[in-house]
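Both ligands and their constituent atoms are indexed starting at 1 by order of listing.
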Amino acid sequence: MLTPDVLNLVLAGALALAVLLGLVAGFRARRKHHREQTHFFQVLDAVGLGILILRADGTIQYTNGLASDILRRPDSQILGKPFHRLLHEEANVDQPGAPCAFADAIRQHQPFRGHERFVDGNGRTVPVSVTGMPLGADTQSAVIAFRDRSNEIAQGREREEAFAFISHEVRSPLTALVGYSGRLQAAVASGALDVGSQYAEEITILAREAQRMREIILLILDMAEVESGRLEVEAEPIRMSRLVQDEIARLERDRPAARFTFEGDEVVVESDERYVRRIVQNLLDNAAKYGGDAKAVEVALSEDADGGCRVTVRDHGAGIPFDAQPRIFERFYRHASASTHGRGLGLGLYLSRRLATRLGGRLTFTSTPGDGASFLLTLPDVYPENQARATSDQAGSESGHSQPMQV
Ligand code: ADP
């Protein structure tokens, strides 16, 4: 029979055991949590990004080693600080209180991705690529991940300088090579120079390959300009009908088998002639290359409702297979069947579309496999940046004072 004392003792023992088990479980859970947290932070350090974790009030709760390195501040100068003050406002780069898209996004619980300039502990500006992800719906709690772009920018600048130098150095010998080999070929063809049949053939090959090399190098130089994002547009009035017909005549000279028909209005647009020529050339080249011999390529030019122009190049070749259609504007893309039609780099359409977009226009196509392809280039009547400048100048003169250019 259990006496009350023994019963109390048993109950107390059971309670103590439960408390002990609870403590052990709690301890294990905390240790597991701590282990997981440590792993998590190790992963963050390993991904090569500076990481800051913000509390609900926007102060910094966690920084990894790389963030401290990039910001050149010990953890003690980072933890607990309001993120925007630490990253931006202590610097001269941004006026305190100036609008900041990055800080606004964090405060409005929106994701942010872009390039920013942070300030390190020595007061120097650090260009960074940064992503901010909100963690809570109504707070500033967020993860900020960033990468130092200083080396990348310095290397990019070196590359650009080297490229500008090489491009300048390459253009002059190339022009001489194409010019003189073309003259030699013309002299042989007209009988003004008699070099015998074998040399005559070699001179023809020399002139053709020099011309091709020039085209490839100019294409690569244009590509590099487009990719650098610093493409200079010099817009001037272009008589489109003349430009298109010039290019048709050039191709008919270079490819005697190619046949074109042209139909068009006289349309004048304000754009960059060099780039418009490059797009038209590419469309005509492709139509001649992939269009087959059965029917002539039809080229049409018309004015659109807003005074811009539409250039259509329609061929009657094999067309573009459905599997290739989503990809033909990709860089270096060539459909497997393309090589049977001649040489190419798979850059023409990529570059043409980028140029068309840069000029405020569009480049699109339709194609039914087996029934050729039709490419459409549209260009606005005035290059948009010139239009914006004209509007802004007009606003300035109407209000009686000049205004900065709005682009
Ligand atoms: P390239 O002609 O040097 O290969 P492009 O960028 O001009 O490069 O064209 C990309 C690919 O699109 C071509 O390889 C070809 O497969 C396809 N393509 C372009 N124009 C035509 C066309 N008119 N008809 C059929 N296929 C075309």
Shortest protein contact, [atom] (heavy atom only):
| atom | result |
| --- | --- |
| atom 17 (C) of ligand 1 | Ile328 CG2, 4.1 Å |
| atom 10 (C) of ligand 1 | Tyr333 O, 3.4 Å |
| atom 24 (N) of ligand 1 | Tyr290 CB, 3.4 Å |
| atom 4 (O) of ligand 1 | Arg334 NE, 2.5 Å |
| atom 23 (N) of ligand 1 | Asp315 OD2, 2.8 Å |
| atom 7 (O) of ligand 1 | Asn286 ND2, 2.8 Å |
| atom 26 (N) of ligand 1 | Ile320 CG1, 3.4 Å |

Close-contact set for ligand 1 against [X] heavy atoms, below 4.0 Å:
| X | value |
| --- | --- |
| Lys289 | 1 (P), 2 (O), 3 (O) |
| Gly346 | 1 (P), 3 (O), 4 (O), 6 (O), 8 (O) |
| Gly344 | 3 (O) |
| Leu347 | 6 (O), 8 (O) |

For Arg358 and Tyr383, does a side-chain donor sit closer than 3.5 Å to a side-chain acceptor?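 There is such a pair between these side chains.
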
Consider only side-chain N and O atoms of Thr63 and Asp75, and report whether a donor and an acceptor are under 3.5 Å apart.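 Not at all, the side chains of Thr63 and Asp75 share no donor-acceptor pair under 3.5 Å.
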
For Gly348, is at least one N or O under 3.5 Å away from an N or O on ligand 1? yes

Judged by atom type as modelled, is there a donor-acceptor pair below 3.5 Å linking the side chain of [X] to the main-chain atoms of [Y]?
| X | Y | value |
| --- | --- | --- |
| Asp57 | Thr59 | yes |
| Ser367 | Gly372 | yes |
| Gln281 | Glu247 | no |
| Arg259 | Asp293 | yes |

So Phe329 and Phe365, would you call those rings parallel, tilted or perpendicular, with 30° and 60° as cut-offs? tilted

Parallel, tilted or perpendicular: which one describes the rings of Phe102 and Phe118, with boundaries at 30° and 60°? tilted

On a heavy-atom basis, I'd like to know which of His335, Arg353, Gln325 is closest to atom 16 (O) of ligand 1.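 Comparing heavy atoms across His335, Arg353, Gln325, the nearest one to atom 16 (O) of ligand 1 lies in His335.
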
Out of curiosity, is Gly319 lining ligand 1, as in a heavy atom under 4.0 Å away?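 Contact present.
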
Among the heavy atoms of Ala324, does any lie under 4.0 Å from an atom of ligand 1? no

Less than 4.5 Å apart, any side-chain heavy atom of Leu283 and any of Leu349? yes

Side chain to side chain, Gln245 and Phe262, heavy atoms closer than 4.5 Å: yes

Quick one: does ligand 1 sit under 4.0 Å from the side chain of Leu349, the backbone, both or neither, non-hydrogen atoms only? both

